[in-house]
Structures are given as C-alpha cells and as structure tokens.
Undergrad: 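Have a look at this one before I ask anything.
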Amino acid sequence: MSASKRVDQIAGHLNYPKGMLVGQTAIITGSGQGIGAECARLFANEGAKIVVADVDAKKAQDVADQINQSGGSAIVAVGDVLDDKYIKELIKKAAEFGGGKIHIIVNNAGYTWDGVIHKMTDKQWHTIVDVHGTAPFKIVREAAPYFRVKDGEPRNIINISSTSGLHGNAGQINYSLAKAGVTGLTKTIAKEWGPQFGVRANTVAFGHILTRLTAAKEAGAFITTPDGQKVALGIPQARKAGAGAAEQHLDIPLRRPGSATEAASAVLAVASPLFSYVNGQTISVTGGRNM
Ligand SMILES: NC(=O)c1ccc[n+]([C@@H]2O[C@H](COP(=O)([O-])OP(=O)(O)OC[C@H]3O[C@@H](n4cnc5c(N)ncnc54)[C@H](O)[C@@H]3O)[C@@H](O)[C@H]2O)c1
C-alpha cells in the first residue's frame, strides 16, 4: 500500500466530524455528579445518547437537562444500584431510549465507607462490596441481551476502579477488595463476550480525583444506604493534615490531583474508537502515582 493511501486510511479512521460516539446509547451509573456527570457531558458532546443513572434524582435531572439544553440527548433513570428492581428498570428504559440497543455501560456509581480492619462492620463490608462489585455484575448480566449481539456496532463496558483496588489502602479494606474485584469482572466480560460479539471491556482505575469523595469530610456530604443510614463522605481534615507527603501530593509525579473532567476524558478515550483494539486492560489515571 502506498504511503499516501495509508495516511488517508488513518485520517478516515480518526475523522469523526459529528462525534466519536454518534449512534450509540450509553448508560453511565453515578452520573448525577463528579466523574460520572463529566462522563455524561463528554459522551454527549461526542454524539452519544445518555442515560443519566443516579440515586440522586435532582442532580441526575440537572445533568440531563444541561445535556438536552446544549443540543445533546439524555434521559434520567433514578434509583439505587443496590436495588435489583431498579437494575431491571434501568436496562429496560435504556434499551427503549436507544431504539432497542445499548452500546456502552460505565459502571461508575459508588462511594466509600471507610474503617480500619478491626472496626469494620459486616454491614460496611457488604454494602461497599455490593455497590462496587455485585451491582456492576448484575447490571451487565441484565444488559446481556443488548451486548451479546452481532449487528456490527461497537459495544463497550467500562468498570471504574481505584488505586485502592490495585495497591490496597489503609482504612479501606472493603473498598480495596471490591475495586480489586472489578478488574477480574472486566477481564471475564472481555473473555466471554469478546470472541463472538466483539464486546470490549476495560477497567479505568483512578488515583486522587477532586470530587466530594476526596473533599473535606467536614463539608458534610453524605449518602444514604437503602435502609436509611447516612454515610458521611470525604476525608477528615485531620487525616489530610497529618498526611505530610500526600498533602503536598509528593506521591504524585504530576504533583496535583486530577479534575473530574480529566478523569472522565480518560473514560471517553477508552469508550471511543481510538481504543478499538484495547481490551481487558486496567488503565491507571493517577498522574503517575503508584508507578
Ligand atoms: N474521586 C476519586 O478520587 C476516586 C478515586 C478512585 C475511584 N473513584 C471512583 O470513581 C467513581 C465515581 O466517584 P466520584 O468521585 O465521582 O464520586 P461522587 O460522589 O462525586 O459521585 C458518585 C455518584 O454516584 C452516585 N451513587 C453512589 N452510590 C450509588 C448507588 N448505590 N446507586 C446509584 N447511584 C449511586 C452518587 O449519588 C453520586 O452522584 C466511584 O466508583 C469511585 O469509587 C473515585
């Protein structure tokens, strides 16, 4: 092949004047705020139809409204990923919205409920393992009929993990196990649904990203468990202040935390055709931390 023809082919491959995700429908869990909301906006900019899935009805609606007002297309699906009934509704609603198709799932919903090993309760353990591990499994299982298809269109599953899952983190034994499990979940999907159906599955593992999960606990953010217990979110200032090197971000080669937009941009990259041959991988988005 001549060099110029090859360049033409590459240019064609990279040329998406109407957006890289046109014609695709994406479910993004936990997209009412933080990284998920940024994913929703960035995916919508690339032409995807977005299902804003979140337990927080108001925030989810705000994200969807903003997308629709800027010329994109989004609906909300409000509920808790720990609720089996909600998972069924979510997939049904998404498939209807997508004209019978779902192309992308970003399993992003989640939170932390920290405690040292000897004080961690069974409830803390099971809630966090279920939110980050069991719920993504059940969502993917429910969506199987829309991914085990041969229509020649791309299919992508992206599961969100954390450096806590890859390296462990003191005070987060529940979250570390769950986020470590995400990598096995991803690879199994890639191995089961890649060969016949061309489904790609990847994990994106974040380091320190600026959202309410890493903000001061004293700011008062909380999430409510299905049985009504309030779980405070964020990192206690005392722990931050005592962190020394971590406080100055000396553990991060880029010497700063990432923004939610930077985190979401990496998810978009993985979902995009530019990553069409990247499969079963764990992509660290950490500013170089834990190299
Ligand atoms: N922020 C970080 O530094 C960081 C680092 C590593 C991994 N992560 C992961 O990234 C993902 C997004 O976190 P974030 O920092 O954007 O948090 P966030 O709190 O800003 O946003 C999370 C969203 O998920 C929703 N959510 C939580 N539990 C839910 C449930 N059970 N059902 C439905 N919706 C639910 C919340 O309502 C919220 O809108 C999480 O999986 C988190 O564990 C974040």
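Ligands are counted one by one from 1 in listed order, and the atoms in each one are counted from 1 as well.
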Undergrad: If you look only at distance, which donor and acceptor atoms sit under 3.5 Å apart when one is on a side chain in residues 18-28 and the other is two or more places apart or in another chain?
TA:
none

Undergrad: How far does OG of S73 sit from CD1 of I50, to the nearest 0.5 angstrom?
TA: 8.5 Å
Undergrad: Among Q124, Q172, K217, which one satisfies side-chain hydrogen bond (donor to acceptor under 3.5 Å, both in side chains) with D114?
TA: Q172
Undergrad: Enumerate the protein residues lying less than 4.0 Å from ligand 1, judged by heavy-atom distances, in chain and residue-number order.
TA: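 Heavy-atom contacts below 4.0 Å: G30, Q33, G34, I35, D54, V55, G79, D80, V81, N108, A109, G110, Y111, H132, I160, S161, S162, Y175, K179, F206, G207, H208, I209, T211, R212, L213, T214, I223.
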Undergrad: Does K191, at its NZ atom, have more than 12 non-hydrogen atoms belonging to other residues, nucleotides or ligands within less than 6.0 Å?
TA: no
Undergrad: With a cut-off of 6.0 Å (strictly less than), are more than 12 heavy atoms of other residues, nucleotides or ligands near CZ of F222?
TA: no
Undergrad: Should we say atom CG of D122 is surrounded by more than 12 heavy atoms from elsewhere, each under 6.0 Å from it?
TA: no
